[in-house]
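Chain letters run A, B, ... following the sequence lines, proteins first and then strands; every chain starts at 1.
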Amino acid sequence: MEREVRVRFAPSPTGPLHIGGVRTALYNYLLARKLGGTMILRIEDTDQNRFVPGAEDYIRESLEWAGIELDESPWKGGPYAPYRQSERKPMYMQYALQLVESGHAYYAFDTAEELEEMRERLKAAKVATPQYNAITRATMKNSLTLPEDEVKKRLASGEAYVIRLKVPRKEEIRLKDMIRGWVMVHSSSIDDKVLMKSDGMPTYHLANIVDDHLMKITHVIRGEEWLPSAPLHVLLYRFLGWEDTMPEFAHLPLLLKPDGNGKLSKRDGDKFGFPVFPLEWTDPITGDKSMGYREKGFMPEAFVNFLAFLGWNPGTQQELFTMQELIEAFTVERIGKSGTKFDWQKARWFNEQYLRAKPDEELAQYLLKALEERNISCSLEKATKISGLMKERVTLPSDFWNEAVYFFEAPTTYSEKVASKKWNSQAVAVFTAFKDELGGLTEYNAESIKELLNTILERNAMKIGQVMQALRLAVTGLEAGPDLMQIIEIIGAAETKTRIEHAIEKLAPYAAA
RNA sequence: GGUCCGUUCGUCUAGGGGUUAGGACUUCAGAUUUUCAUUCUGGCAACAGGGGUUCGAUUCCCCUACGGACUACCA
C-alpha cells in the first residue's frame, strides 16, 4: 500500500512565523522532496479572533525567501483547494454530525460561566485534572443528559452549542511516532474536546484531521507541543473510519532558549540580541518591530543550513549543505529527540562560511548598496577588490561597509594606543619621503608600493616592522586591518599623500615626545 | 498538581554492551603575518544520580533528580 507522499505545513496566521515554524516547514519540505512527494501549505485560520493582518503574507514571503517551495497552497491553488480552513468551513460540520450519529460525539450547551463553575467545583474537590470528560459530562448540559426533545428544541431555537468528542472512559490509546516510537496514553487523561465551536467553526483538532484526510496527507511533521493531543487525533481517525489511511506522525523536538529555560519565544530576540524571525515584522497594532534574519543580512542558504542542523544531523562530518544536498541526506530517523538550545554563535559561523564561499564580485554588491545609501560612488572593480580584502573578516554583509569605511573616508581620529607607541620622528621622516615619492611610481600597485617603502627604509637603516603600524595609523586611523599595501593601492597615491600629511600634522605631539 | 516527552563536553551533536567516547561552535595556547582577522597545530572540556541485567554498562531495564511540552469554544 504505497501511497504518493503528501506532506503539509499548516501554520496559523496569528503573527509572524517564527524560526521554529520555518524549521518545521523545512523538514516537511525536505521529506517531500526526498521522497518525490508533494509539499502542501494549509492555512489554519479557524480562530477568527486571533487573525492578524499581514501574517499570511509574512508566511508566504518567509518560505519563499528560505527557498521552501510549495506545490499546493492558498496562493497557488491545487487539486484539493481551498487551502484556507476558513474557506473550507462548510466541509466540517458533516463530519462532526457523522460522529454525533455514530455516538462518538454529542451536543453541549454549557455556557462559559457554567464551564468555569464546573472547573472551580472540581478544583475545590481536589480533583487532579478538572476536565469535561466521561465522568463530568453526566453533570453538564448536553445531549447525553438532556431529554431528546429538549435537545431538539434547543437546537431548533438557535441556541448556541458546541459539539464535543465523546472520549471513551477506559482505553489505552497507542500512537506510533516516527521519532519517539510507541507512545501510550490512557483515554481517561483526555477530555471531551470541542470539535465544533459555537461560531460554527471547527477547532484545530477536527479541522486538521478532516483536512489531512481529504488532502490525502501521508506524513504529519509538527512540533512536539502537539504530542499530548496526538492520541486524541488517533481517536478521531478511528471514529471517522479513516484509521487505515491515517498519516504517520513525527513530533519534532522544540527549539529552546539559549539559557535553557523554555521554548524560544518572540521576546527572546530582544533579550539575547538575535532574530527569532526569518523576516522583519512590524506588529500592526503596537507598531513594535522585530528583527529578521533577512534584514540582518543572513543569506537564505546559511539560514536554512543552520536551521536544518537544529535537531537533525546527517551522521557524517559534513556541515555545509546546499538545499539539494539536504534533500538527499535527510531522513526522519536522524532527527533527534531532545530539545535544542538556540546557538547564535553557530548561526553566525554558518553565515561566515557562506559569505566566504561567494565570489568577490558578488560580495561587492553588498558594499555597493551600502555606498549607494550614503551617496558615495564607487566602481564595481574597486568594490570587488575591497570585498576580496574584507571577506575573511566579515560575518554579516553590513560588515563590508562597517569595516571598510576608511577606503572612502579619511580618518578623523587616530588610535591613541598606536600613536603613543609607534608614532615617532624617524617614522615621520620615512613617511615624508614615502608620500612624496608615491606619485612618481611608474607602476602603481601593492608590490611596487612595498618596494618603494622598503627602499626608503633602507636609506634610513630601518626595518619594515618599525613603521608599519604607524603607517596604517596614518592611512586608516586604526590599529588593525587587511594588507596595508593593498589598501594604499586602492586608495590611490594622491589620497594617501593627503592622509599622511594630515596625520603628520595631527600627530606631531607624539613625534616630538 | 496531572499526563506525556526528554537528559553524551558551555552549546549543537556522533557513537553504542568491551572505544584513548569522535567532530563542529565557543574558549585557551603556539605557529604564520606589517597589525587584526584568516589559516594551521595543539590544549581544556561530556556519558545527571542510584539500583538492577551482564564476565563487562555511557549504551538495555527500573527508580530518582532535573529540564521541557501540554493541561481553552487557541492553534
From C-beta outward on [X], which listed nucleotide comes closest to its side chain: [options]?
| X | options | result |
| --- | --- | --- |
| L115(A) | C73(B), G15(B), U35(B) | C73(B) |
| Q317(A) | C73(B), G2(B), G23(B) | G23(B) |
| K197(A) | C25(B), C74(B), C70(B) | C74(B) |
| A128(A) | G1(B), U35(B), C25(B) | G1(B) |
| K263(A) | U35(B), C4(B), C70(B) | C70(B) |
| L227(A) | A69(B), G1(B), C5(B) | C5(B) |
| Q469(A) | U35(B), A69(B), A24(B) | U35(B) |
| R50(A) | C73(B), G23(B), A75(B) | A75(B) |
| L254(A) | U38(B), C74(B), G68(B) | G68(B) |
| E224(A) | U3(B), A72(B), C5(B) | C5(B) |

Under 4.0 Å, heavy atoms only, any strand: does [X] hit a base, just the sugar-phosphate, or nothing?
| X | result |
| --- | --- |
| S198(A) | base |
| D259(A) | nothing |
| T14(A) | nothing |
| G262(A) | sugar-phosphate |
| R164(A) | sugar-phosphate |
| V183(A) | sugar-phosphate |
| Y204(A) | base |
| E479(A) | base |
| T46(A) | sugar-phosphate |
| K346(A) | base |
| R222(A) | nothing |
| M184(A) | sugar-phosphate |
| G465(A) | nothing |
| L484(A) | base |

Separation of atom [atom1] in [X] from atom [atom2] in [N], rounded to whole Å:
| X | N | atom1 | atom2 | value |
| --- | --- | --- | --- | --- |
| L206(A) | C73(B) | CG | P | 14 Å |
| W312(A) | C12(B) | CH2 | C1' | 13 Å |
| E352(A) | A24(B) | CD | P | 16 Å |
| I488(A) | U35(B) | CD1 | P | 15 Å |
| I487(A) | U35(B) | CD1 | C1' | 10 Å |
| M118(A) | A72(B) | CE | P | 10 Å |
| R174(A) | C4(B) | CZ | P | 15 Å |
| K193(A) | A72(B) | NZ | C1' | 8 Å |

Tell me which nucleotide, if any, is Watson-Crick or G-U wobble paired with [N] when both distances must be under 3.5 Å.
| N | value |
| --- | --- |
| U59(B) | none |
| C47(B) | none |
| U7(B) | A65(B) |
| A29(B) | U41(B) |

Kindly assign one of parallel, tilted or perpendicular to the pair F298(A) and Y293(A), based on the angle between their ring planes and the thresholds 30° and 60°.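 Rings of F298(A) and Y293(A): perpendicular, over 60°.
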For Y366(A) and F400(A), take the angle between the two ring planes, folded into 0 to 90°, and tell me which bin it lands in: parallel under 30, tilted 30 to 60, perpendicular over 60.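 Parallel: the ring planes of Y366(A) and F400(A) meet at under 30°.
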Is the phosphate of [N], meaning OP1 or OP2, less than 4.0 Å from a side-chain N or O of [X]?
| X | N | value |
| --- | --- | --- |
| S229(A) | U71(B) | no |
| R334(A) | G15(B) | yes |
| N313(A) | U13(B) | no |

With a 6.0 Å cut-off (strictly less than), is the heavy-atom count around CZ of R169(A), excluding the residue itself, greater than 12?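 Atom CZ in R169(A) is not crowded, with 12 or fewer foreign heavy atoms closer than 6.0 Å.
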Does a sphere of radius 6.0 Å around CZ in R267(A) hold more than 12 heavy atoms from other residues, nucleotides or ligands, not counting ones at 6.0 Å or beyond?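 Count not over threshold, so no.
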Does the side chain of N460(A) pick up a donor-acceptor pair with the side chain of Q426(A) at under 3.5 Å?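 No, no side-chain donor-acceptor pair sits under 3.5 Å.
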Working note: D211(A) + Y83(A), criterion side-chain hydrogen bond (donor to acceptor under 3.5 Å, both in side chains); need CA distance, chi angles, decisive distance, verdict. CA-CA 9 Å; D211(A) 287 341; Y83(A) 291 90; over 6 Å; no
Work out how far the [atom1] atom of [N] is from that of [M], and round it to whole angstrom.
| N | M | atom1 | value |
| --- | --- | --- | --- |
| A24(B) | A14(B) | P | 15 Å |
| A45(B) | A29(B) | C1' | 15 Å |
| G15(B) | U7(B) | P | 13 Å |
| A57(B) | A21(B) | P | 16 Å |
| G68(B) | G51(B) | C1' | 26 Å |
| U53(B) | U58(B) | P | 15 Å |
| U41(B) | C25(B) | P | 12 Å |
| U8(B) | G22(B) | C1' | 12 Å |

Are the ring centres of [X] and [Y] closer than 6.0 Å?
| X | Y | result |
| --- | --- | --- |
| Y107(A) | Y161(A) | yes |
| F306(A) | W344(A) | no |
| W423(A) | F431(A) | yes |

So which one's nearest nucleotide on RNA chain B is more toward 5', G311(A) or P228(A)?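 Residue closer to the 5' terminus by nearest nucleotide: G311(A).
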Nearest-nucleotide 5' precedence on RNA chain B, L310(A) against V185(A):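 Checking each residue's closest nucleotide, the 5'-ward one belongs to V185(A).
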Under a 4.5 Å cut-off applied to non-hydrogen side-chain atoms, are F434(A) and V467(A) in contact?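 No; the side chains remain at least 4.5 Å from each other.
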